[in-house]
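Computed over heavy atoms, backbone and side chain alike; hydrogens, waters and symmetry mates excluded.
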Amino acid sequence: MTISPCTKDRVTHGHPCFGGNRHKNGRIHLAVAPRCNIKCGYCDRKHDCANESRPGVTSRLLSPREALEQVRGVMADGQLDKIIKVIGIAGPGDPLANEETFETFRLVKAEFPELMFCMSTNGLLLPERIKDLAAINLHSLTVTINAVDPAVGAQIYRHVIYHGAHYRGEEGAAILIKNQFEGVRLAAEQGLVVKVNTVLTPGINDSQIPLIADKVSEYGAFVMNIMPIIPQAELAHVAPPSPEYLETVRADNEQIISQFRGCQQCRADAVGLIGGGCPL
């Protein structure tokens, strides 16, 4: 199944992370997914500052019921209700590894069916959860893919926990990468608008970017978001790409797949407009 023109139009005009006007269309990230099934070398969820904006950060975890209450509060606000178009779940762990994700979407859908639903995932469980995404009427999906070659992936991912077993090195990276690309293909066939995030990590995955772009474009992804690494945790020593280099990489891959340039690498509990949202 291909993306319906209605769904694609709604997402691309209303979702600020898929090309929608980010100066007037906002989102709520509901931090209901604590558990993660991989360990990225650049991920650090130990710290939280109200002025800190990066993936994986949240001031507190919410239960699905608390998340619904937050949506109710935001949508009852005389100003925020005019800009909120999207309900997203992006962590702080991986949404597909947490049943709370699906319960939250079901609760919000029953009360606010007019809102769009989106999710960000590492993709490890994506192939086996495609039908679950259809059941909650997900509109758009973001999958973070950082490598095609498992040898490169092994330098980024410290371990993968898949069906109860721990995998390290190239073995773990190979499982993750296979599932990521298969998941993108299945999601696009399901009719989801798919964005692929790639964390540009200089000296490690530079050469992988065009390979990722080519493959996800072939598999039906709509847009690619190449983001600069935020050096921390095991990859704290890596120098982030300069703005000029980041733009060069984006421009070099724009002929393969459309590039998104408005990403602010938001928190898992961001609310409001991109660049202006803050935790409640």
(message) Apply side chain to side chain contact (heavy atoms under 4.5 Å, CB included) to residues L115 and I28 and explain how you reach the verdict.
(response) CA-CA 10 Å; L115 295 174; I28 305 174; 5.9 Å; no

(request) Treat each ILVMFWY residue as a node, draw an edge where side-chain heavy atoms are under 4.5 Å apart, and state whether L176 and Y167 are in one component. (result) yes

(request) With the side chain counted from C-beta on, respond yes when L133 and F102 share a heavy-atom pair under 4.5 Å apart, and no when they do not. (result) yes

(message) Run the side chain to side chain contact (heavy atoms under 4.5 Å, CB included) test on L192 and L138 for me, step by step, so that the C-alpha distance in whole Å, both residues' side-chain angles and the decisive distance to 0.1 Å come before the verdict.
(response) CA-CA 7 Å; L192 296 176; L138 197 77; 4.1 Å; yes

(request) Please name all residues satisfying side-chain hydrogen bond (donor to acceptor under 3.5 Å, both in side chains) with E100, sequence neighbours left out, ordered by chain then number. (result) R35

(message) Is there a side-chain contact between I89 and N98 in this structure, where contact means two heavy atoms from C-beta onward sitting under 4.5 Å apart?
(response) no

(request) Would you name the heavy atoms of L96 and L125 that are closest together and state the gap between them? (result) O-CD1, 3.6 Å

(request) Output all residues satisfying side-chain contact (heavy atoms from CB on, under 4.5 Å) with E111, sequence neighbours left out; order by chain, then residue number. (result) L68, R72

(message) If hydrophobic clusters are built by linking Ile, Leu, Val, Met, Phe, Trp and Tyr wherever their side-chain heavy atoms come under 4.5 Å apart, do L211 and L246 end up in the same one?
(response) yes

(message) Can you list everything that forms a salt bridge (Lys or Arg N to Asp or Glu O under 4.0 Å) with E171? Sequence neighbours excluded, please.
(response) none

(request) Not counting sequence neighbours, which residues clear side-chain contact (heavy atoms from CB on, under 4.5 Å) with Q259? List them please. (result) M224, I226, R250, N253, E254, I257, R261

(request) Only counting residues at least two apart or in another chain, list the ones meeting side-chain contact (heavy atoms from CB on, under 4.5 Å) with D214. (result) I256

(request) Can you tell me which residue pairs pass the salt bridge (Lys or Arg N to Asp or Glu O under 4.0 Å) test with a partner in residues 216-233, sequence neighbours excluded? (result) none

(request) Quick one: pull up CD in E103 and OG in S63 and give me the separation to the nearest 0.5 Å. (result) 9.5 Å

(message) Run the side-chain hydrogen bond (donor to acceptor under 3.5 Å, both in side chains) test against T104 and tell me which residues pass, sequence neighbours left out.
(response) none

(message) With rounding to the nearest 0.5 angstrom, report the NE2 to CG distance, H159 to N37.
(response) 8.5 Å

(request) In sequence, state the C-alpha distance, the side-chain angles, and the governing distance for L126 and Q180, and then conclude on side chain to side chain contact (heavy atoms under 4.5 Å, CB included). (result) CA-CA 7 Å; L126 188 51; Q180 288 172 332; over 6 Å; no

(message) Please give me the minimum heavy-atom distance between A188 and G220, naming the atom from each residue.
(response) CB-O, 3.6 Å

(request) Mind listing the closest non-hydrogen atom pair of P95 and M119 along with its distance? (result) CB-CG, 3.7 Å

(request) Assign the ring pair Y219 / F181 to parallel, tilted or perpendicular, where the plane angle (0 to 90°) is split at 30° and 60°. (result) perpendicular

(request) Give me the one residue out of L200, N122, I156, I229 that meets side-chain contact (heavy atoms from CB on, under 4.5 Å) with N146. (result) I156

(message) Return the CD to CD distance between E170 and Q155, rounded to the nearest 0.5 Å.
(response) 9.0 Å

(request) Would you check if R185 and E189 make a side-chain contact, meaning some heavy-atom pair closer than 4.5 Å? (result) yes

(message) Looking at every non-hydrogen atom in both residues, tell me the closest pair between P240 and P202 and how far apart they are.
(response) C-CG, 4.1 Å

(message) Measuring only between side-chain heavy atoms, which start at C-beta, is T142 closer than 4.5 Å to N225?
(response) no

(request) Tell me whether V143 is reachable from I161 by hopping between hydrophobic residues (I, L, V, M, F, W, Y) whose side-chain heavy atoms are closer than 4.5 Å. (result) no

(request) Return the set of residues passing salt bridge (Lys or Arg N to Asp or Glu O under 4.0 Å) with R168 (not counting sequence neighbours), or none when no residue passes. (result) none

(message) So does T144 get a backbone contact from the side chain of N197, meaning a donor-acceptor N/O pair under 3.5 Å?
(response) no

(message) Are there over 12 heavy-atom neighbours, none belonging to E247, within less than 6.0 Å of that residue's CD?
(response) yes

(message) The criterion is side-chain hydrogen bond (donor to acceptor under 3.5 Å, both in side chains); which residues satisfy it with K39, sequence neighbours excluded?
(response) E234

(message) If you define the side chain from C-beta out and look only at heavy atoms, does anything of Y157 sit under 4.5 Å from L124?
(response) no

(message) Holding to side-chain hydrogen bond (donor to acceptor under 3.5 Å, both in side chains), I want the full list of residues that pass it with R158, two or more places apart in sequence or in another chain.
(response) none

(request) Mind checking the CD-CD1 spacing from Q208 to I177? Nearest 0.5 Å is all I need. (result) 7.5 Å

(message) For residues 121-136, which residue pairs pass the salt bridge (Lys or Arg N to Asp or Glu O under 4.0 Å) check, not counting sequence neighbours?
(response) E99-R129, R129-D132

(message) For a quick test of reading the model, state the closest non-hydrogen atom pair linking I136 to K109 and the distance between them.
(response) O-CD, 4.0 Å

(request) Working to the nearest 0.5 Å, report the span between CD of Q190 and CG of L141. (result) 11.0 Å

(message) When you measure from the side chain of N205 to the backbone of V199, do you find a donor-acceptor pair of N or O atoms at a distance under 3.5 Å?
(response) yes

(message) Can you give me the closest heavy-atom contact between A147 and G153, atom names plus distance?
(response) CB-N, 3.7 Å

(message) Suppose we screen for ring-ring contact (aromatic ring centres under 6.0 Å, His included). Which residues come up paired with F105, at least two apart in sequence or across chains?
(response) F117

(message) Rounded to the nearest 0.5 Å, what separates atom CG in N179 from atom CD1 in I145?
(response) 10.5 Å

